[in-house]
Structure formats: structure tokens, C-alpha cells
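For reference, the structure I am asking about is given below.
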Amino acid sequence: MTKQKQASVELKVLQEKLKDCPDIVQRKVLIDGKTEAYFINISTMVNKDLLQRDFIRPILSMTLEQLSDSKKVGNLPCGDTTLLYTTQEVLTKILMGATAFVCDKLEYAIICSTTDIEQRSIDEPETEKNIRGPHEGFVEVLDTNLSILRRKIHNSSLKFKEVTLGDISHQKVVVVYIEGIANQELLDGLYNKISAIKIDALPAIGYIEQAITSHPNSIFPQFLATERPDKITASLLEGRIAILQEGTPVAMIAPVTFISFFQALDDYSTLWLHGTFLRLIRIFGAIFIAVFLPSLYVAITSFHYYAVPLTLLVTLAESRSKVPLSLIHI
């Protein structure tokens with residue numbers, strides 16, 4: 001349990017800020033049969049069984065004198081219990097899914113983590129299929145994503161540096177790295193850039209990328225986006241740094257090189273010689289498709305149409321007949 005210096009949690013101010021929020025429940029109770037207190041939470045974001053069994057029932061069995069003793073409050077059976085001394089901190093915790101017990105006779109609010117948020121299953125990303133590796137992907141819940149990484153790297157060197165961004169949304173962003181492998185100077189610079197971001201909200205992780213990009217005018221991307229935990233794991237073991245954001249399954253990897261964008265996860269499951277060969281095919285195949293195929297199409301359909309079979313040529317001519325501009329002008 002964490003403890004802070006004395007301040008004040010103002011119940012009336014808290015209730016005023018939560019006005020016109022029908023999804024927020026403010027359950028009124030009496031302590032010692034005469035002192036008013038409230039349990040406040042978002043009804044759609046809490047585990048009601050856990051809330052009733054491990055938080056509401058034990059508190060109602062305590063007297064006001066016992067609730068005023070922080071040591072006795074620490075014996076509550078609810079696993080994650082915190083004492084907060086400011087109204088804004090209490091409000092933030094409630095909006096994140098916790099339950100608060102607030103009483104004007106107490107100098108602090110008792111916060112219990114009873115979050116139970118609906119989330120989709122951990123399925124393989126549609127855009128990043130894998131043949132020989134695991135078939136799971138990140139989801140929108142940040143705690144779930146961090147637990148997936150913990151399952152893959154059973155080492156205390158796996159570290160998470162957390163920062164809250166968004167003056168309105170208050171979203172968590174986590175910088176993930178392996179201590180002793182990642183470059184500490186690069187890590188500190190990246191974390192300081194993220195911490196310095198001033199923005200109302202982060203609808204997507206691309207907002208972070210735009211804010212911390214060192215060369216915004218570069219035509220080459222400087223971060224690699226992925227939804228695959230195994231890709232993040234491999235990058236962390238190579239000394240790279242990952243950035244995860246609450247509310248999105250997409251994570252970013254930094255630093256990256258040009259070759260990183262041609263690397264598939266199956267390359268890790270094959271011999272280095274085969275993986276290198278496949279990567280070279282992707283690079284030269286992409287260059288050939290981008291440079292030669294458009295020019296070959298224009299040359300054949302406009303100048304060397306006799307090289308096209310007659311049945312196909314008729315089909316092409318019919319499809320082009322309704323286009324006002326010629327292929328060369330397009």
C-alpha cells in the first residue's frame with residue numbers, strides 16, 4: 001500500500017465533477033450507523049463479485065475509528081489497495097476503473113483495483129500472419145500486453161518505464177527494454193522525449209511517433225510498427241526498445257534500419273542462410289515490382305500490344321475505352 005502526505009479529498013467536489021455521468025455509481029452507505037460515505041465506481045468496468053466480497057463487505061464491517069487507521073485499512077483482503085489524499089488523484093483512479101471509498105470524516109480515500117474490462121481474445125494479427133511461430137497478437141488492454149511479454153521473457157532484466165500522457169485522456173504509455181542489452185543513452189533520450197509530449201489525447205500510437213521523430217522530413221520511417229509479441233521479443237533481445245500504448249494493439253520498435261522492414265518473423269525460424277536468401281528476394285522483388293512492372297505494362301499495352309494474346313487484348317481495350325485519358329498521360 002502506498003502512502004502520501006496529508007491533503008484533502010473533497011467529496012462534494014468529486015461528486016460535482018462526476019455529475020451527468022450515468023455510468024458512474026455512487027453508492028451511499030452509513031458507517032457506525034450515522035456517518036455518510038460513498039463507494040464510487042464505473043459500473044461497466046468493475047468486477048461486481050470481487051467488489052462486494054473483498055472491498056465493500058470488509059469496509060462496512062469496520063468502524064470509523066478503524067477506517068481512520070491506515071494500518072488496519074492495509075489488512076483489507078482486496079489485493080491492490082491504495083490511499084489517496086487529493087481529489088484529482090481519486091477522480092483519475094475512478095475513471096481508470098478502480099473503486100473509491102470516500103468519506104468526509106477521513107483525510108484520505110481508499111482505492112481498490114476492481115477493474116474488469118471486456119477485451120477481445122488474443123488472436124493472431126490479420127496483417128501479420130506467421131507459419132512456424134506462435135499465433136498470438138497484442139490487444140487493446142495494456143496490462144494484458146505486458147503480461148504477454150512477461151510470459152515470453154522470464155528475466156528480471158525486462159523493464160517497463162511508464163508515463164501518463166494526454167491532458168484529457170490520461171493514457172498510459174510504457175517503454176519496454178532489457179536492462180544490460182539496450183543502449184542506456186538511447187533509452188533515456190527516448191523516454192525523455194515521450195515524457196515531454198504535451199497533447200490532449202492519443203487516439204493512436206502514431207501521435208507518439210510524430211512527436212518524437214528525430215528527422216520529421218525524412219522519407220524513411222524511423223519506427224517499426226507491429227502487433228506481434230514475438231516480434232517485439234526478438235527486437236528486445238537484439239537491444240532495441242519497444243513502445244506500447246494503452247488502447248491500441250500496435251507497438252513501435254526503435255531504432256530500426258532499412259533492412260528491418262523486409263524482415264519477416266519466419267526468418268527467425270529458419271537457418272541464417274535461408275533467412276538471408278528470402279530477405280534478398282523480398283528486397284529485389286520489391287524493387288523489380290515498383291520500378292519495372294508499371295513501365296512494362298505501359299510499354300506492352302501502348303506500343304507492343306502485339307505481344308499480348310488477342311483475347312486478352314480485346315478485354316484490355318474494352319476496359320480502357322471508357323477512360324478519357326490515355327495510359328501514357330495517366
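Count residues from 1 along the sequence.
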Is the backbone of Ser43 close enough, under 3.5 Å, to the side chain of Lys48 for a donor and an acceptor to pair up by distance? yes
Partners passing salt bridge (charged side-chain N to carboxylate O under 4.0 Å, His left out) against Arg120 (at least two apart in sequence or in another chain): Glu140
Let me confirm one number: the OG-CG distance from Ser70 to Leu106, rounded to the nearest 0.5 Å. 11.0 Å
Indicate the atoms forming the closest heavy-atom contact of Pro221 with Val256, along with that distance. O-CG2, 4.4 Å
Using the rule that two of Ile, Leu, Val, Met, Phe, Trp, Tyr join whenever any of their side-chain heavy atoms come within less than 4.5 Å, decide whether Val73 and Leu64 are in one cluster. yes
Can you tell me how far apart CG (Leu165) and CD (Glu246) are? Round to the nearest 0.5 Å. 11.0 Å
Using modelled atom types only, decide if a donor and an acceptor are shared between the side chain of Arg228 and the backbone of Pro134 within a distance under 3.5 Å. yes
Looking at Asn130, is its backbone amide N or carbonyl O close enough to the side chain of Glu124 to form a donor-acceptor pair, meaning the two atoms are under 3.5 Å apart? yes
Show, in sequence, the C-alpha distance, side-chain angles and deciding distance for Cys103 and Leu11, and conclude whether the side chain to side chain contact (heavy atoms under 4.5 Å, CB included) test is met. CA-CA 7 Å; Cys103 179; Leu11 178 58; over 6 Å; no
So CD1 of Ile194 and CD of Glu209: to nearest 0.5 Å the spacing works out to 11.5 Å
Does Ile208 form a side chain to side chain contact (heavy atoms under 4.5 Å, CB included) with Ile205? I'd like the steps, not just the answer. CA-CA 5 Å; Ile208 298 178; Ile205 199 169; 4.2 Å; yes
Taking Asp69 first and then Lys71, would you say they form a salt bridge - that is, a charged N and a carboxylate O separated by under 4.0 Å? no
Flag the pair Ile110 / Leu67 as yes when at least one side-chain heavy-atom distance between them is below 4.5 Å, and no otherwise. yes
For Lys193 and Ser214: C-alpha separation, side-chain torsions, deciding distance, then whether side chain to side chain donor-acceptor pair (under 3.5 Å) applies. CA-CA 10 Å; Lys193 283 184 178 181; Ser214 301; 2.9 Å; yes
Could you check if a side-chain atom of Ile232 sits within less than 4.5 angstrom of a side-chain atom of Ile148, using non-hydrogen atoms only? no
Looking at every non-hydrogen atom in both residues, tell me the closest pair between Gln171 and Ser169 and how far apart they are. OE1-OG, 2.7 Å
To the nearest 0.5 Å, atom CG of Asn192 lies from atom CD1 of Ile212 at 11.5 Å
Heavy-atom count around Phe277 CZ within 6.0 Å, excluding the residue itself: above 12? no
Taking a hydrophobic cluster as the set of Ile, Leu, Val, Met, Phe, Trp and Tyr residues connected by side-chain heavy atoms closer than 4.5 Å, whether directly or through intermediates, do Leu91 and Val13 fall within one such cluster? no
If you look only at pairs with a residue in residues 202-234, which of them pass as a ring pair (Phe, Tyr, Trp, His ring centres under 6.0 Å), with sequence neighbours excluded? none
Please name the pair of heavy atoms, one in Gly97 and one in Thr114, separated by the smallest distance, quoted to 0.1 Å. O-OG1, 4.1 Å
What's the shortest heavy-atom distance between Ala251 and Phe138, and which atoms? CB-CE1, 4.1 Å
Could you tell me whether Arg240 and Glu238 have a side-chain N and a carboxylate O separated by less than 4.0 Å? yes
Where the side chain of Arg282 meets the backbone of Phe262, is there a donor-acceptor pair that is under 3.5 Å apart? yes
Any side-chain to backbone donor/acceptor pair from Arg150 onto Leu158? Under 3.5 Å, distance only. yes
Decide yes or no for Val102 and Phe39: does some side-chain heavy atom of the first lie under 4.5 Å from some side-chain heavy atom of the second? no
Let's go through Phe101 and Phe55 carefully: what are the C-alpha distance in whole Å and the side-chain angles of both, what is the deciding distance for ring pair (Phe, Tyr, Trp, His ring centres under 6.0 Å) to 0.1 Å, and is it a yes or a no? CA-CA 9 Å; Phe101 175 77; Phe55 191 52; 7.1 Å; no
Does Thr213 reach the main-chain N or O of Pro216 with its side chain, forming a donor-acceptor pair under 3.5 Å? no
Check: Thr248 side chain, Gln245 main-chain N or O, donor-acceptor pair, under 3.5 Å: no
Glu89 pairs by side-chain hydrogen bond (donor to acceptor under 3.5 Å, both in side chains) with which of Thr87, Thr92, Thr86? Thr86
Measure the CD1-NZ distance between Ile31 and Lys105 for me, rounded to the nearest 0.5 Å. 13.0 Å
Evaluate the criterion side chain to side chain contact (heavy atoms under 4.5 Å, CB included) for residue pair Val298 and Leu296; output intermediate values, then yes/no. CA-CA 5 Å; Val298 172; Leu296 284 173; over 6 Å; no
With a 4.5 Å limit on heavy-atom distance, are the side chains of Lys161 and Asp188 in contact? yes
Name of the residue among Asn41, Thr44, Leu18 meeting side-chain contact (heavy atoms from CB on, under 4.5 Å) with Ile24: Leu18
Could you check Thr257 against Ser260 for side chain to side chain donor-acceptor pair (under 3.5 Å), going step by step and ending with a plain yes or no? CA-CA 5 Å; Thr257 60; Ser260 301; 3.2 Å; yes
Applying the 4.5 Å side-chain criterion to the ILVMFWY set and letting contacts propagate, would Val173 and Leu149 be lumped into a single cluster? no
Side chains of Val176 and Leu244 in contact at under 4.5 Å (non-hydrogen atoms): yes
Side-chain heavy atoms under 4.5 angstrom apart, residues restricted to Ile, Leu, Val, Met, Phe, Trp, Tyr: same cluster for Phe292 and Ile289? yes
When you look at Asp54 and Leu76, which way does the side chain to side chain contact (heavy atoms under 4.5 Å, CB included) test go after all the steps? CA-CA 7 Å; Asp54 294 344; Leu76 288 172; over 6 Å; no
Under a 4.5 Å side-chain heavy-atom rule over Ile, Leu, Val, Met, Phe, Trp and Tyr, are Phe284 and Ile281 clustered together? no
For Ala98 against Thr115, the heavy-atom pair lying closest together: N-OG1, 4.1 Å
Rounded distance (nearest 0.5 Å) linking atom OG of Ser113 with atom CG of Asp143: 8.0 Å
With a 4.5 Å heavy-atom cut-off, do Pro255 and Leu186 have their side chains touching? yes
Please check if the side chain of Gln26 supplies one atom and the backbone of Gln15 the other of a donor-acceptor pair under 3.5 Å. no
Below 4.5 Å, heavy atoms only, C-beta onward: do Lys172 and Met96 meet side chain to side chain? yes
Would you say the side-chain atoms of Ser147 pair up with the backbone N or O of Thr144, donor to acceptor, closer than 3.5 Å? yes
Measuring only between side-chain heavy atoms, which start at C-beta, is Phe160 closer than 4.5 Å to Leu146? yes
Within 45° of the axis and under 6.0 Å from the centre of the six-membered ring of Tyr177, does NZ or CZ of Lys159 qualify? no
Main chain of Val139, side chain of Asn145: is a donor-acceptor contact present, judged purely on distance under 3.5 Å? yes
Ala100 and Ile111 have their tightest heavy-atom pair at CB-CD1, 3.4 Å
Is it true that Lys152 and Glu136 make a salt bridge, defined as a side-chain N closer than 4.0 Å to a carboxylate O? yes
